[in-house]
Amino acid sequence: MARRSSSSSSGVWRYLNPAYYLKRPKRLALLFFVFVAATFAFWDRQSLVREYESEISKLEDDINRLQDQLRKAGVHVDENPTKYTRKDLVEFDPVNNERREKVKEAMLHAWNSYVKYAWGMDELQPQSKNGINSFGGLGATLVDSLDTLYIMGLKDEFQKARDWVAESLDFDKDYDASVFETTIRVVGGLLSAYDLSGDKVFLEKAKDITDRLLPAWETTSGIPYNRINLAHGRAHNPGWTNGDSILADSGTEQLEFIALSQRTGDPKYQQKAENVITQLQKIYPSDGLLPIYINPHSGTASYSTITFGAMGDSFYEYLLKVWIQGNKTEHVKHYRQMWETSMEGLISLTKKTTPSNYHYICEKNGGSLSDKMDELACFAPGMLALGASGYGPEKSEQIMNLAKELARTCYNFYQTTPTKLAGENYFFHAGQDMSVGTSWNILRPETVESLMYLWRLTGNKTYQDWGWDIFQAFEKNSRIESGYVGLRDVNTGEKDNMMQSFFLAETFKYLYLLFSPPSVISFDEWVFNTEAHPLRIVPIHDNKGIGTPARPFGPFGRKQGKPE
């Protein structure tokens, strides 16, 4: 071993001696070639390293920009980029970002006007710069706005509203409240704020107000009375219904009451609300179309109008959405079946105009159809689009095509007036397409709601452009220095003196989501009540449908109690 080592060593030193190469020019040339090649290889490697480092730096910049864009879009961003899901990393659209920020600024203008002139009251009267208690002094605009503020990332505004709820919201009112309006605005708003933030003060308040509403269900049939005194629990129906309960008012509490039972573990709320559907199943007609008046004592329908507009609309909406809320399981299958039956009824009410082939949904009185459609019925395109995927391929396409056609009609409710804002309802006459009936506009959200659903479910950006047109019309005609107002007449542009609470709860929220990535309040995880309050879809743990709520939604973090 020692000898081999010595011999090898002497051989190596020979190749390091310059004289060796001077006597052998070919080997000198070879050495030079090897040296040059090694030098180029070294510098190529260094260049490649620098190129890689530059690319890494660019990627880091791109990630930082994407984080900022996602935050602006309202998407919760974990600081560790390896945790991003593909759903979050959607293609960024600078046009949508600009539009979304405009909507956010408009919401802030409306909110700040409410804070300045009507804080803690139900609604703002912008022209006279004062508040009015339209719903008994329950802070309707404030509660309705909670989730909109949260979703838009308006942390300070949300915190101030949260503190008012905790310290000042009192339901012990000697006031005859609408069970329907109180449920969709107050119960729904509080539950949504709880689901988004995890702050239990909202759940406690939701339970308090719902307990005060429950005596309304103490009827012979279980069909609730539609008004109740919040302090004394006395329930009744308004005089103008001749003692009957209203279909939409009685069949639009299921989402909220089921959600409350899920979150409290107390089944009584769900049982009250679902018993209504059990009773209505007994009288459900073959076409799935119920009149708008139901007798709360006998549980039977009274002779009255059939409509997907006022007093009928959200009953049909909740049949579909309870099925979604219930994870589309066997337990809620009857909701879907009832909804599909009703959609066949809706199709039977659908006509087309001349010359423009606008599809519209008639109202029905007895055996005759009335060529009238409320703007309120413009929720239907979104509902149809949301429910289309539950059918087989051929029927699904039919339902989605009808949704698209109805959305075109609703968009043109806006485009055919001088102000580009829709009237309250429309009439249709042969050869004349459509004409405004009741000509006021009170900042309703139904059309932009449907546009949001259709954009998300089809990916067609035309629906975003239509929504932008409607937003610009609101900005032009309804925005004043002290908030937003409706129009007494969409033909003349004459303004009213009311900023409806649903303008902040629904219209601005749906517009904001129309220009946001679909992962912001994903349809896979949330279902919207009829006041646009998103309720988290939770797992089913037993055959009664009682589940447990999941983690709070970003962007404020997951801390229990006050948001961070």
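- At least one donor-acceptor pair under 3.5 Å links the side chain of Lys420 to the backbone N or O of Gln415.
- By the 4.5 Å heavy-atom criterion applied to side chains, Ile306 and Ile292 are not counted as neighbours.
- A salt bridge is defined here as a Lys NZ or Arg NE, NH1 or NH2 lying under 4.0 Å from an Asp or Glu carboxylate O, and Glu253 with Lys272 fails to meet this definition.
- Here CD1 of Ile258 is found 4.0 Å from CD of Glu274. Values are rounded to the nearest 0.5 Å.
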side-chain contact (heavy atoms from CB on, under 4.5 Å), that's the test. Do Thr409 and Ile361 meet it? Break it down for me. CA-CA 10 Å; Thr409 301; Ile361 306 170; over 6 Å; no
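- Residues Asp156 and Lys160 are not paired through a salt bridge, judged by the lack of any N-O separation under 4.0 Å between the basic side chain and the carboxylate.
- Residues Ser370 and Asn365 have side chains in contact (heavy-atom distance under 4.5 Å, counting atoms from C-beta outward).
- Side chain of Arg536 to backbone of Trp526: no donor-acceptor contact under 3.5 angstrom is found.
- Formation of a donor-acceptor pair under 3.5 Å by the Gln127 side chain with backbone atoms of Asp496 is found in this model.
- Between Leu514 atom CG and Asn96 atom CG the span is 7.5 Å, to the nearest 0.5 Å.
- Judged purely by atom type and a 3.5 angstrom limit, Ser356 has no side-chain atom pairing as donor or acceptor with the backbone of Tyr358.
- Remark: of the listed residues Arg488, Lys372, Arg444, Arg444 is the sole one forming a salt bridge (charged side-chain N to carboxylate O under 4.0 Å, His left out) with Glu424.
- Between Tyr510 and Phe528, the angle of the ring planes lies from 30° to 60°, which puts this pair in the tilted group.
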Enumerate donor-acceptor pairs with a distance under 3.5 Å from any side-chain N or O in residues 448-457 to protein atoms, sequence neighbours excluded.
residue, atom, partner, partner atom, Å
Ser450, OG, Cys378, O, 2.6
Ser450, OG, Phe379, O, 3.4
Ser450, OG, Gly382, N, 2.8
Arg456, NH1, Pro518, O, 3.3
Arg456, NH1, Ile521, O, 2.8
Arg456, NH2, Val520, O, 2.5

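- Put simply, the side chain of Glu363 does not reach to within 4.5 Å of the side chain of Leu369, judged on heavy atoms.
- At distances below 3.5 Å, not a single donor-acceptor pair connects side-chain atoms of Asn229 with backbone N or O atoms of Arg234.
- Under the salt bridge (charged side-chain N to carboxylate O under 4.0 Å, His left out) criterion, Lys129 pairs with Glu481, not counting sequence neighbours.
- With respect to the salt-bridge test (charged N to carboxylate O, under 4.0 angstrom), the residues Glu317 and Lys321 qualify.
- Listed for the Ser482 side chain is a donor-acceptor partner under 3.5 Å among the backbone atoms of Pro126.
- Taking CG of Asn357 as the reference point, atom CG of Asp433 lies at 8.5 Å (rounded to 0.5 Å).
- With sequence neighbours left out, Phe315 forms a ring-ring contact (aromatic ring centres under 6.0 Å, His included) with no residue at all.
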Pair Leu504-Tyr484, side-chain contact (heavy atoms from CB on, under 4.5 Å): steps then yes or no: CA-CA 10 Å; Leu504 290 77; Tyr484 287 83; over 6 Å; no
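- Side-chain contact, Tyr150 with Glu157: no donor N or O sits under 3.5 Å from an acceptor N or O.
- Residues Gly366 and Tyr303 approach most closely at CA-OH, 3.4 Å, considering heavy atoms.
- There is no side-chain donor-acceptor pair under 3.5 Å between Asn242 and Asp244.
- Residue Lys495 places its NZ atom among more than 12 non-hydrogen atoms of other residues, nucleotides or ligands, all under 6.0 Å distant.
- Rounded to the nearest 0.5 Å, atoms OH (Tyr360) and CZ (Phe308) are 15.5 Å apart.
- Defined by atom type and a distance below 3.5 Å, a donor-acceptor pair is missing between the side-chain atoms of Ser134 and Asp122.
- Ser304 places a side-chain N or O within donor-acceptor distance of the main-chain N or O of Tyr293, the cut-off being under 3.5 Å.
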I'd like to know whether Asp176 forms a side chain to side chain donor-acceptor pair (under 3.5 Å) with His236, so could you lay out the CA-CA distance, the side-chain angles of the two residues, the decisive distance to 0.1 Å, and finally the verdict. CA-CA 9 Å; Asp176 287 355; His236 61 93; 3.1 Å; yes
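- Judged as a ring-ring contact (aromatic ring centres under 6.0 Å, His included), and not counting sequence neighbours, Trp323 has no contacts.
- Comment: Arg479 engages Glu105 in a salt bridge, judged by a side-chain N to carboxylate O separation of less than 4.0 angstrom.
- In this structure, Thr210 and Lys205 have side chains that are not in contact, with every pair of non-hydrogen atoms separated by 4.5 Å or more.
- Side-chain contact check for Asp195 versus Pro534: every heavy-atom pair is 4.5 Å or farther apart.
- In summary, of the residues considered (Asn441, Asn425, Thr447), a side-chain hydrogen bond (donor to acceptor under 3.5 Å, both in side chains) with Glu375 occurs for Thr447 alone.
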Would you please test Trp217 and Phe257 for ring-ring contact (aromatic ring centres under 6.0 Å, His included) and show each step? CA-CA 12 Å; Trp217 275 260; Phe257 280 37; 5.0 Å; yes
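- Of the possible donor and acceptor atoms, none in the side chain of Ser178 sits under 3.5 Å from a partner among the backbone N and O of Arg227.
- Cation-pi geometry between Lys461 and Trp466 is not satisfied (NZ or CZ under 6.0 Å from the ring centre, within 45° of the ring normal).
- Atom NE2 of His533 sits about 8.5 Å away from atom CG of Leu190, to the nearest 0.5 Å.
- You'll find the side chain of Val490 stays beyond 4.5 Å of the side chain of Trp440, heavy atoms only.
- Counting heavy atoms from C-beta on, the side chains of Trp111 and Thr148 never come closer than 4.5 Å.
- Within 6.0 Å of the NZ atom in Lys351, the count of heavy atoms belonging to other residues, nucleotides or ligands exceeds 12.
- The backbone N or O of Gly345 sits less than 3.5 Å from a side-chain atom of Ser348, completing a donor-acceptor pair.
- Side chain of Thr305 to main chain of Thr307: no donor-acceptor pair is present (N/O by atom type, distance under 3.5 Å, no hydrogens or angles).
- Rounding to the nearest 0.5 Å gives a distance of 4.5 Å between OG1 of Thr241 and CG of Asn237.
- Using a 4.5 Å cut-off on side-chain heavy atoms (C-beta onward), Leu346 and Leu402 make contact.
- Under the rule for a ring-ring contact (aromatic ring centres under 6.0 Å, His included), Phe135 has no partner lying at least two apart in sequence or in another chain.
- Residues satisfying the ring-ring contact (aromatic ring centres under 6.0 Å, His included) criterion with Phe413, sequence neighbours excluded, are Tyr426.
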